[in-house]
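Below: the structure, in C-alpha cells.
By convention in this document, chain letters (A, B, ...) are assigned in the order of the sequence lines, proteins followed by strands, and residues within each chain are numbered from 1. These values consider heavy atoms only, across backbone and side chains, with no hydrogens, waters or symmetry-generated copies.
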Number of protein chains: 2
Amino acid sequence: MADIKAAYLACPIRQVISRFGDKWSLLVLYTLNESDTGVMRFNELRRQMSDCSQKMLSQTLKNLEQNNLVHREVYPEVPPRVEYSLTPIGKSLMPSITALIAWAKEHFDDVVIHQIII
Amino acid sequence: MADIKAAYLACPIRQVISRFGDKWSLLVLYTLNESDTGVMRFNELRRQMSDCSQKMLSQTLKNLEQNNLVHREVYPEVPPRVEYSLTPIGKSLMPSITALIAWAKEHFDDVVIHQIII
DNA sequence: GCCACTTGGTAACTTTTCGTTACCTTTGCG
DNA sequence: CGCAAAGGTAACGAAAAGTTACCAAGTGGC
C-alpha cells in the first residue's frame, strides 16, 4: 500500500487520471465553465450533456465534489433545487483544459472523423 | 448520425475525450514522452506501466496509432522488435498534458490521498 | 378531486469494457 | 532437450457503464 502511495506521489499524471480521467468528468467541468452564471442545476447539466446518463452524471458530480473540484448547493424546496458550480480549485484547472481544447481544434483535421464517433 | 458529427465538431473537448479519455492513453503518451530516446519497445512500456495489463496496453497503443498520436515500427527479427514513439501530432499534445501535470503538482495538497488511490 | 408533470436522484438489471490467465511463434542459451 | 524472451491474441470472469423503472412532494389543468 505504501508503495502505491509513493508511486502516485511520484507521478502526478496518475493523479490527474484517477481524479477526472473518466469519460464524463472533463465534460462536466467544461460545461460548468461554459455557463454564463457559473452555476447550473442538475437537469440543466443533463440537457447540455444529453449523451450522459442520469446515473453517470450523478456519480460523476459526486466524485468531483469529493475531489473538491465542484461545489454542490442544495436548496430545500419542492421540487428540489440543487446547484453545481466550480470551486476555486476547479476553476484553476480550466486553463489547462482550455489548452487541451485549443489543441483539439488545431489538430482536428489530422484524424479521421469516423474514428471520433466510435 | 449527422447531428452526432455536428455535436462533435462543435465541441472539441469531446474529441479529446473520445481519443484518449480512457484509463491508459494519457499514461502511454506521458511515458513515451519521458523516455530519453523517444522510442520504446512494447515490453519496455509494459515494465514502466506495470499496473496496466498487456492486453490493455496493446489495445491502447493500437488506438493511439489509429489516431495518429503514436508511431509503430516493426522490425522483422526474431524475437520480434516493435518500437513505439510519438508522432509530431502526439508531440504537439505534450505541452497541454504537461500543463495538466503542473496543475496536479500544485494542487496535490487540496485533495486527500486516499481518494486518489480509489 | 384526479391526472399529469416536475426535480433530483436511487435500485435493479443488462450490456460493454477491463483484467487475468493461458497460449502462440521462432530463436538462443545451457 | 527444456526453458526463456519477444509481442502479441483468445477465452473467460469481474467491474464499470448504460437503461429502465420508480420514489417523494408539490403545481397546474380540468
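At whole-Å resolution of the value, CG in A/L61 and P in C/dG8 are 11 Å apart. If you measure from atom CD of B/E77 to atom P of D/dG8, you get 14 Å, rounded to the nearest angstrom. Going from atom CD of B/E73 over to atom C1' of D/dG7 covers 15 Å, rounded to whole Å. Atom pair B/R81:CZ and D/dG8:P shows a separation of 13 Å (rounding to whole Å applied). B/N43 places its CG atom 9 Å from the P atom of D/dG8, with the value rounded to the nearest Å.
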N/O contacts under 3.5 Å, protein versus nucleotides 28-30 of chain D?
none

Give me the distances for all protein-to-nucleotides 17-19 of chain D N/O pairs that come in under 3.5 Å?
| unit_1 | atom_1 | unit_2 | atom_2 | d |
| --- | --- | --- | --- | --- |
| D/dG18 | OP1 | A/K23 | NZ | 3.1 |
| D/dG18 | OP2 | A/W24 | NE1 | 3.1 |
| D/dG18 | N7 | A/K55 | NZ | 2.8 |
| D/dG18 | O6 | A/K55 | NZ | 2.6 |

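Under the rule for a side chain to side chain donor-acceptor pair (under 3.5 Å), the partners of B/E83 that lie at least two apart in sequence or sit in another chain are B/Y75, B/R81. Contacts of A/S53 classified as side chain to side chain donor-acceptor pair (under 3.5 Å), with partners at least two apart in sequence or in another chain: none. B/N33 meets the side chain to side chain donor-acceptor pair (under 3.5 Å) test with no other residue; sequence neighbours excluded.
No contact: A/Y75 has no heavy atom under 4.0 Å from any strand.
Under 4.0 angstrom from either OP1 or OP2 of C/dT6 there lies no side-chain N or O belonging to A/R46. Regarding contacts with the backbone of C/dG9, a side-chain N or O of A/R72 is found under 4.0 angstrom from either OP1 or OP2.
Distance alone, capped at 3.5 Å, places no donor-acceptor pair between the A/N43 side chain and the A/R46 backbone. Checking side-chain atoms of A/S35 against main-chain N and O of A/M40 turns up no donor-acceptor pair under 3.5 Å. Looking at A/S58, its side chain never comes within 3.5 Å of a backbone N or O of A/Q54 through a donor-acceptor pair. For the pair A/E44 (side chain) and A/R41 (backbone), a donor-acceptor distance under 3.5 Å is present. Using modelled atom types, no side-chain atom of A/N67 and backbone atom of A/L69 make a donor-acceptor pair closer than 3.5 Å.
Side-chain polar atoms of A/N63 and A/T60 form no donor-acceptor pair below 3.5 angstrom.
Of the two residues near DNA chain C, A/S58 and A/P80, the one whose nearest nucleotide lies more 5' is A/P80.
Linking ILVMFWY residues whenever their side-chain heavy atoms come closer than 4.5 Å, directly or via other members, places B/V74 and B/L45 in the same cluster.
Annotation: proximity of residues 34-41 of chain A to DNA chain D (heavy atom, distance under 4.0 Å) is found for no residue.
Comparing atom distances between the B/K62 side chain and each of D/dT9, C/dG8, D/dA6 picks out D/dT9 as nearest.
Taking 4.0 Å as the cut-off between side-chain N and carboxylate O, A/K23 and A/D51 do not count as a salt-bridged pair.
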